[in-house]
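In the text below, chain A, chain B and the rest are named by the order of the sequence lines, each starting its count at 1. The shown structure was predicted, so the numbers you read here are calculated from the model rather than taken from an experiment.
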2 protein chains.
Amino acid sequence: MGTPRTYTYDYPMPAVTVDCVVFGWDDNDLHVLLIERGEKPYEGQAALPGGFIQVGRESLEQAARRELEEETGIRNYHLEQLGTFGNPDRDPRYHVVTVAYFALVRKSDHRPRGGTDARSAAWCPLDEVPSLAFDHDEILAVAKKRLYGKLRYKPLGFQLLPRKFPLRDLQRLYETASGGEVDKRNFRKKVLEMGILEDLNETESDVAHRAARLYRFNESAYRKRSRDGWHFEL
Amino acid sequence: MGTPRTYTYDYPMPAVTVDCVVFGWDDNDLHVLLIERGEKPYEGQAALPGGFIQVGRESLEQAARRELEEETGIRNYHLEQLGTFGNPDRDPRYHVVTVAYFALVRKSDHRPRGGTDARSAAWCPLDEVPSLAFDHDEILAVAKKRLYGKLRYKPLGFQLLPRKFPLRDLQRLYETASGGEVDKRNFRKKVLEMGILEDLNETESDVAHRAARLYRFNESAYRKRSRDGWHFEL
DNA sequence: GCAAAAGTGTTTCCCCTACACCCATGG
DNA sequence: CCATGGGTGTAGGGGAAACACTTTTGC
């Protein structure tokens, strides 16, 4: 270990952190990944996973991925910047500017992890989220709005569903996001006519009724159509 | 003046700046506001206006507005966060995280200011922008993309046009953003049927032919329709 | 055979598109 | 009176919306 040292500047400096809003989908509901804070400000309260960036050594996105892996072990997911929050009093200690990220993971890909992790990360249904530390309530609200808006015109839903999924599940996700019901036939027709889903000729198993056909998102088909000026919309 | 002092921390800290991409519209072209750098890194080169935040004293948006007023004198404009750029090597001196903002101003509202200002801010047509300092090229590219995209589904165009404008000018702006031609009759019909433009019963002056009718964006009508679930699209 | 969900076609209506001519004004 | 842009209506086609019944499977 290096000897403890300090860093001196001519002006006061802000701290910079990244915070991640990680969404997961569980058959019927959206969930967010929350941690329980183990340290001083807001100790014991729920918060978004995140932490300080390594100054001079990593980009913001790298920092977000690093923090997320350290705290939750997850890898391979959609990650995009959400926005930056920097009110001087958002952290009671000193001025902390946080760059919020927005992640979509397939819950099914990552072992259940019964919540018994280093800093106990746990999934929380989106409509049962408690009051969060710092301004994380606000960040979460922005993320939610962004997710719901973006699902309509970008194929983000496929980042939440398992790789193989029945159309019904996709429809459920879209109904959740739009807050309304969707006509089954029109939905299927529209989605299939996009030509971005691959029919796997497989069916669900372990269901107590007729098993549904499984599909997979065909990313290269999506990219090809996008290049040709088409754009996704649901 | 206080005596010069220094600030000491247990960890290295990044600097945080704000940079603004300010768009203006000039009858036929989009312009960006650029400054010429008067200081060391990239001295003499064009750059986006911006500067350091006042740690512990202001929010990010306040910082953006302050910098913009200091450097250009403009006030009252649409401002929104664009994104944050924090690669450790984006500034050759040390790690600087910059929060980029995106502003739309009515060029007509602000005196021409023949470029002879403190740090010489000047309008530059969007397709004649030189190579910029730092990663400002990248920031500008993101801003452009965002502007073009957002004009379609948010009434941002009215923040660029003068308060009173003929429909032709609105159409030109949309043609610029979409990169294509638009049918005059369909455009007018669609825009007027939205019910968010107020017909001023006035006409242009000083034109060498039939004078066009002037309109004004009716913000409260827009908000009312939005509340009722309608959404703007062009 | 029944409960439970999967899967499928057709018609209607509206909105977007394409398109060409007359009008007002200044010079 | 002519040049320049302002302003208007209509017909046709395509995609979204509405809507009900048959099929498969496990129990």
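Proximity note for A:Arg185 (side chain, C-beta onward) versus D:dT4, D:dC19, C:dA6: the nearest is D:dC19.
Comparing B:Arg172 and A:His209 by the nucleotide of DNA chain D that holds the closest heavy atom to each, the one mapping nearer the 5' end is B:Arg172. Between A:Lys184 and A:Ala208, the residue anchored nearer the 5' end of DNA chain C, judged by the nucleotide with its closest heavy atom, is A:Ala208.
A side-chain donor-acceptor contact under 3.5 Å links A:Asn201 and A:Arg213. A side-chain N or O of A:Ser220 and one of A:Asn218 form a donor-acceptor pair less than 3.5 Å apart.
A:Lys189 contributes a side-chain N or O that forms a donor-acceptor pair with the base of C:dT10 under 3.5 Å.
Each of B:Trp25, B:Tyr222, B:Phe165 was checked for a ring-ring contact (aromatic ring centres under 6.0 Å, His included) with B:Phe158, and the lone residue meeting it is B:Phe165.
Atom-to-atom, CD of A:Glu193 to P of C:dT8 comes out at 12 Å; the value is rounded to the nearest Å. Residue A:Leu192 contributes atom CG, which lies 16 Å from atom P of D:dG15 at whole-angstrom precision. Note: CG (B:Asp27) to P (D:dG5) measures 13 Å, nearest angstrom.
B:Arg90 places no side-chain N or O within donor-acceptor distance of the main-chain N or O of B:Val97, the cut-off being under 3.5 Å.
Residue B:Arg210 places none of its side-chain N or O atoms closer than 4.0 Å to OP1 or OP2 of D:dG7.
At a threshold of 4.0 angstrom between heavy atoms, the contacts of B:Arg168 are confined to the sugar-phosphate backbone, with no base atom among them. A:Arg188 comes within contact range of at least one nucleobase, with a heavy-atom separation under 4.0 Å.
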